[in-house]
Amino acid sequence: EITGDDDKDVNWEVIKGKTVAIIGYGSQGHAHALNLKESGLDVVVGLYNGSKSKAVAESKGLKVLPVGEATAAADIVMILIPDEKQADVYKNEIAPNLKSGAALAFAHGFNIHFQQIQPPADVDVFMVAPKGPGHLVRRTFVQGGGVPDVFAVHQDATGHAFELALAYARGIGGTRSGCIQTTFKEETETDLFGEQAVLCGGVCSLIKNGFETLVAAGYQPEIAYFECFHEMKLIVDLMYEGGMAKMRKSISNTAEYGDYVSGPRVVAEPSRKAMEQVLKEIQDGTFANKFLTDNRAAGWANFYAMRRINAEHQIEEVGSKLRGMMSWLKDGADLSKD
Ligand code: NAP
Ligand code: MG
Ligand code: MG
């Protein structure tokens, strides 16, 4: 069900005059803080002592306080630090300072759904999760639009949690394009599945395997990069604008025919079975446990090893060289910036 596809659906009165503490000033944090401030709310940013982000937030005219003090000053506390750090920061700094009747908010359901954070009964708990990277949440807002949000209420202590979540979504620009109501369980499981099986994991693995297949068959790595990596964005942009139909209208008949006969052979039953297994391990908590244990017990040992191995892959070396020759990538196309 789509709600709030127009700002008029939102009861702004429930949030007007409230103070919002944005905990963390990274990808999502900077976008929420600046968008809410420009929507007329009092925003305070919560960071730890010595945080690199402090000067960045202050340079934008934002007030920065230690997490505990920001929490104590706030009617809404939005937690936007990395998921694996949220439970400790919540326990040590947020919980002791959270006002009765305040709202605790998230942009991803992970810590509530997997019970890493168990809020007291006297606060609202909601989620507003933009379905896009933080820098686009900011850039789109500045341009007058908004990245769509999903929102959910886990706990409604005040009787206004639902309205408050929608008003928050309006404040960051989400209702300019549409908000879909979900649950913490649905958002957490589908978000993890999407990023693992399709968006990040699936796409990178598809590209890498295509590249390696061509290089192993003796083709030039630079050519393999163009065919299996560079053109991905051009194809995805067309699908994003007008569905697979628009993309298929734009490609040659040869490409479209090959799409139908070969695509389903490459990503086929074994991949589907693997997707089902990935989903099962998300649902039963196996993935969450592995992720948190690698962090807590192993100090990210596996994570950092995987990061290094992937960064050293030939496709990154070749890509970096080729992208250096594409002058337009240097100016204006940096998606990690607003
Ligand atoms: P992030 O960019 O990795 O957050 C980093 C920020 O948190 C930095 O400002 C960092 O400060 C600060 N920080 C780290 N430890 C802290 C602590 N102990 N106390 C206070 N501040 C601390 O996080 P993110 O990727 O935006 O993710 C935030 C949440 O949004 C997560 O729940 C994530 O799942 C969700 N989400 C993210 C995206 C996305 O686009 N990334 C999209 C949808 C949902 P320093 O840099 O100074 O250390
Ligand atoms: Mg996501
Ligand atoms: Mg995610």
Side-chain angles (χ1 to χ4, degrees), residues 21-35 44-60 62 64-71 74 77-95 97 104-114 116-117 125-141 146-152 154 168-169 172-174 179-180 182 184 186-202 278 282 287-288 291-292 295 300 303 307 335-338:
I22 301 294
I23 310 302
Y25 196 76
S27 177
Q28 288 292 323
H30 89 286
H32 290 230
L34 294 172
N35 293 4
V44 47
V45 173
L47 288 168
Y48 62 95
N49 222 341
S51 162
K52 299 184 293 297
S53 303
K54 188 167 184 248
V56 189
E58 283 175 344
S59 77
K60 297 286 183 181
L62 289 158
V64 178
L65 291 173
V67 174
E69 286 174 39
T71 301
V77 180
M78 171 55 98
I79 306 186
L80 295 174
I81 64 177
D83 292 306
E84 72 278 6
K85 291 185 174 163
Q86 292 183 11
D88 281 347
V89 172
Y90 174 78
K91 186 164 123 263
N92 299 326
E93 289 156 272
I94 297 174
N97 293 294
L104 193 63
F106 297 86
H108 178 36
F110 190 97
N111 281 281
I112 291 291
H113 179 63
F114 293 116
Q116 301 298 303
I117 293 177
V125 181
F126 71 80
M127 164 170 49
V128 173
K131 292 291 110 179
H135 293 90
L136 280 186
V137 173
R138 178 60 185 157
R139 190 194 294 183
T140 315
F141 181 89
V147 166
D149 297 326
V150 301
F151 70 100
H154 171 71
Y168 187 99
I172 62 169
C179 293
I180 301 177
T182 184
F184 275 65
E186 182 180 61
E187 188 278 339
T188 303
E189 293 174 352
T190 56
D191 184 77
L192 293 175
F193 179 79
E195 65 203 18
Q196 292 177 29
V198 182
L199 304 177
C200 313
V278 163
I282 289 167
F287 170 78
F291 174 71
L292 294 173
N295 178 232
W300 277 149
F303 190 10
R307 184 180 276 172
L335 295 176
S336 70
K337 300 211 169 71
D338 295 337

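Numbering of ligands and ligand atoms starts at 1, following listing order.
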As a check for students: among [options], identify the option with a heavy atom nearest to [atom].
atom                    : options         : result
atom 32 (O) of ligand 1 : N111, D83, V67  : D83
atom 23 (O) of ligand 1 : V150, D149, L80 : L80
atom 9 (O) of ligand 1  : S53, G109, G134 : S53

For [X], which part has a heavy atom under 4.0 Å from ligand 1: side chain, backbone, both, or neither?
X    : value
Q28  : both
V89  : side chain
A129 : neither
E93  : neither

Suppose I only count heavy atoms of [X] and a 4.0 Å limit; which atoms of ligand 1 are within that range?
X    : value
G132 : 40 (O), 42 (C)
A107 : 30 (O), 44 (C)
K52  : 46 (O), 47 (O), 48 (O)
G24  : 7 (O), 9 (O), 12 (C)
S51  : 11 (O), 45 (P), 47 (O)
Q86  : 31 (C), 32 (O)
P130 : 43 (C)
L47  : 9 (O), 20 (C), 21 (N)

Do any N or O atoms from the side chain of [X] and from the backbone of [Y] form a donor-acceptor pair under 3.5 angstrom?
X    : Y    : result
N295 : F291 : no
S51  : L47  : no
T140 : V137 : no

Can you tell me if T190 and E186 form a side-chain donor-acceptor pair at under 3.5 Å?
-> no
Does the side chain of N111 come under 3.5 Å of the side chain of Q86 through a donor N or O and an acceptor N or O?
-> yes
Which atom, among the N/O/S set of D191, is closest to the Mg ion (ligand 3)?
-> OD2
What's the atom name of the N, O or S in E195 nearest to the Mg ion (ligand 3)?
-> OE1
H30: heavy atom below 4.0 Å from ligand 1, yes or no?
-> no
Measure the distances from the heavy atoms of A57 to every atom of ligand 1 and state whether one is below 4.0 angstrom.
-> no
Taking the six-membered ring for Trp, are the ring centroids of [X] and [Y] within less than 6.0 Å of each other?
X    : Y    : value
F184 : H113 : no
H154 : F106 : no
H135 : H30  : yes

Does R139 make a cation-pi contact with F141 (under 6.0 Å, within 45 degrees of the axis)?
-> no
State, to 0.1 Å, how close [X] and [Y] come at their nearest heavy-atom pair, and which atoms those are.
X    : Y    : answer
P130 : I172 : CG-CD1, 4.0 Å
E187 : A129 : OE2-CB, 3.9 Å
A33  : L62  : CB-CD1, 4.0 Å
V147 : G132 : CG1-N, 3.8 Å

Any N/O of I23 closer than 3.5 Å to an N/O of ligand 1?
-> no
State whether the shortest distance between N or O atoms of H108 and N or O atoms of ligand 1 falls below 3.5 angstrom.
-> no
